[in-house]
Protein chains: 2
Amino acid sequence: MTRHERRPSRPTQADIARLAGVSQPTVSLVLGGNKAGVALSDETRQRVLDAAESLGYVPDPIARRLSRRTNNLLGLYTFTATFPTDVQHSYYPFLVGVEEEAAAQGYDLLLFTSSGAYEGATDVLNRVRLADGCLFLGRHVPEKAMGRFLDDGYPLVYIGRHDELGERLPYVGADYVSASADVVRRLAELGHRHLAYVREKDDAPASADREAGLRSAVADTGVRADVVRTDGGDVDTARLRSWLADGVTAIVAEETDTDIAVTAVESAARAGGLRCPDDFSLALLGDRVGRSPGLPALSGFAIPRREMGRAAVRMLTGLIAGEPEARIRQILGCHPLAGETVGAPPRPPEH
Amino acid sequence: MTRHERRPSRPTQADIARLAGVSQPTVSLVLGGNKAGVALSDETRQRVLDAAESLGYVPDPIARRLSRRTNNLLGLYTFTATFPTDVQHSYYPFLVGVEEEAAAQGYDLLLFTSSGAYEGATDVLNRVRLADGCLFLGRHVPEKAMGRFLDDGYPLVYIGRHDELGERLPYVGADYVSASADVVRRLAELGHRHLAYVREKDDAPASADREAGLRSAVADTGVRADVVRTDGGDVDTARLRSWLADGVTAIVAEETDTDIAVTAVESAARAGGLRCPDDFSLALLGDRVGRSPGLPALSGFAIPRREMGRAAVRMLTGLIAGEPEARIRQILGCHPLAGETVGAPPRPPEH
DNA sequence: GGTTCCCGCTAATCCGTATTAGTAAGGGGA
DNA sequence: TCCCCTTACTAATACGGATTAGCGGGAACC
């Protein structure tokens, strides 16, 4: 008795059927456009339409989707908050692209976040199954959960290159390798012979790609590059000065969603009264989203985040549609950013 | 036969039942917490739980919604893109608050947008019924659709004050009236006697409130205020100069999501080489989200967007829970922003 | 006059989960 | 031994709509 007391609810097809003196399926056929081509007299059709009109019928999207077994929802899973407090956050341009393309394809977006959830909470990850497919945005891949999704044939796409699951994980990435190599080459052309590369301690494909590009250009150009891993705390003014004393003329910093590396270098420089590119050149392997008012434009490369978001949605909807030969991995190119923080070395290199 | 070939779908309770050797309702009881208190042996319960775990079961929100009418989903409907291309967009801080509070209350967020949809497509709005309740963010209220939601008892909350549907529409707004009056009073105290108020042509409660506050302060202080409605194109340097020639010493601009009014004034000033507050004072009835690097901090007031987002979620979850005496309308206070664009009038007023 | 065909519609069923009524099995008491 | 009461489930059904098989009746054809 309990649940049925909720009587004054919206009119259903059954109500229309009763009023028009037909059956519910007939109503469904009339209102649903009758794609199956079932024969229906115009008179019946009209009675149904009139009844629907007079009752103010609105189809229930939930019921409709239950029988369609698809809900026109794309999941978007971010391992940190989707709307970070810091507006400058580098996720934002991805979201712009994702939303644009999702809207264009008629999908709505379902936001999930594991921020605040227990580590490795598999229920949280499993919740994404309620979408028809899901995009993932994050530096790392929870291999067990993702492996299971793949095994089950659940459509998913990572934003960012990831090889944690071999060739199985679909992604849309950016070509950090070439772009990073280009940054080093530009420095070499300006005369820099000794670099420090500051990166996060943490390992991820995004880091590996940048370092690979850097190393290949280092090998090509014959410059020297010292790799420094930091968690931010251990790069201070003293350390910065000691590098410069050692002959380092340019610092290359990894870009990540937290920007730990470049932030540490910038603070150390500011604290020590050092300026770029007068005292040393500073290049970022990436870009800074929504550059902050006070800070100079960093030299580096632009990541096509918006286009990556769009491409990821296209790949995902392709997977959902079960396209036979869907391209599962895609790498988009970056383009160089001149910026204001790179110049010739303070002292011309000896030769 | 056709529709059932689509086999590799998500596991259902029926699959679990088969694996555990029980019936589907038993699975539902075990997984649903068995609130009815049906007797179940621990052994059976465990078998079901194990089976569910091993299949990676996730309840289908649509089916659940159809029968239980709740699925832990909050809708967020924006009448423009949710992630605007312009990162500075004023919606963003609302979203931060909404996401925070939704996460805190254990709800996932379902993003809907009518951007790109035909005008007045009511089906588009009906999609939101998939969620347990929905937040709406926009300058206007599609009265017919919202009236229908209210009639049906569908829980919804507007972010922003709206009286289009009388007392029926729940909202969380900001006190633009007092805040706008304060801005005018501060100008009056500085000696300004003649203002121009630049606002959008478009009418909305957010505009009406600001204008009401302005008018009340104008009446109190005896200053003169000319109201100018613009769509942006018709405010140029010549017009600006003619105002100043008429004795206007301060311009007050409405803030909206597009910021048409203030942008027009600023461009006109820049083009004419006019500076604030030296040539005239410029106050905004609101604030500028993520102030742009080049532009000075505008004088105005801060809208507690993040807290509004949180409050709206709290109100909505209250409505969903069917709280008997839920407060349906809430107004949060704004606080003044000194900024750099308001000062004493260029020439002391005659007396 | 019987068979075939077509028209116009409905019965039956499905989607996945929740809920309630009811039943089979086992134990205890008289 | 019969009855009743638990215990532990399952059958039946609802939710609202989509889909498909099938049925009754009349017209056309042989």
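Computed from a predicted structure; not experimentally measured. Labels below follow one simple rule: chain letters A, B, ... track the order of the sequence lines, proteins then strands, and each chain is numbered from 1.
- Counting to the nearest Å, the C1' atom of C:dA18 and the CD1 atom of B:Ile62 are 16 Å from each other.
- The side chain of A:Thr26 places an N or O atom within less than 4.0 Å of a non-bridging phosphate oxygen (OP1 or OP2) of C:dT10.
- Going from atom CG of A:Leu55 over to atom C1' of D:dG16 covers 15 Å, rounded to whole Å.
- At D:dG17, none of the side-chain N or O atoms of A:Arg68 fall inside 4.0 Å of OP1 or OP2 (strictly under the cut-off).
- Residues B:Phe94 and B:Tyr92 place their aromatic rings such that the two centres sit no closer than 6.0 Å.
- Ring geometry for A:Tyr158 against A:Phe136 counts as parallel: the plane angle stays under 30°, on a 0 to 90° scale with 60° as the upper cut.
- Between B:Thr44 and D:dC9 there is a side-chain polar atom (N or O) within less than 4.0 angstrom of OP1 or OP2.
- Nucleic acid contact for A:Leu66: base, since at least one base atom lies under 4.0 Å from a heavy atom of the residue.
- Put simply, CG on A:Asn72 is 16 Å from C1' on C:dC15, counting in whole angstrom units.
- Contact between the side-chain N/O atoms of A:Ser67 and the OP1/OP2 oxygens of D:dG17 is not found at any separation under 4.0 Å.
- In this structure, A:Gln13 places its CD atom 16 Å from C1' of D:dA14, rounding to the nearest Å.
- Between B:Ser28 and C:dA18 there is a side-chain polar atom (N or O) within less than 4.0 angstrom of OP1 or OP2.
- A donor-acceptor pair under 3.5 Å links the side-chain atoms of A:Asn34 to the main chain of A:Gly37, judged by distance alone.
- A donor-acceptor contact under 3.5 angstrom links the side-chain atoms of A:Gln24 to the base of D:dA18.
- Distances shown here put every side-chain N or O of A:Arg65 at or beyond 4.0 Å from the OP1 or OP2 atom of D:dG17.
- Here D:dG16 is the nucleotide among D:dT10, D:dG16, C:dG8 with the atom lying nearest to any side-chain atom of A:Asp60.
- Straight-line distance from the CG atom of B:Leu31 to the P atom of C:dG16: 15 Å, rounded to whole Å.
- The phosphate of D:dC15 (OP1 or OP2) has no side-chain N or O of A:Thr12 nearer than 4.0 angstrom.
- When rounded to the nearest whole Å, the span between CG of A:Leu40 and C1' of C:dT10 equals 11 Å.
- The aromatic rings of B:Tyr154 and B:Phe149 are tilted relative to each other, their planes meeting at an angle between 30° and 60°.
- Using a 4.0 Å cut-off between a side-chain N of Lys or Arg and a carboxylate O of Asp or Glu, B:Arg168 and B:Asp151 qualify as a salt bridge.
- Contact check, B:Tyr57 against C:dG16: no side-chain N or O comes under 4.0 Å of OP1 or OP2.
- Residue order along DNA chain C, read from the 5' end via each residue's closest nucleotide, puts A:Asp42 first among B:Val38 and A:Asp42.
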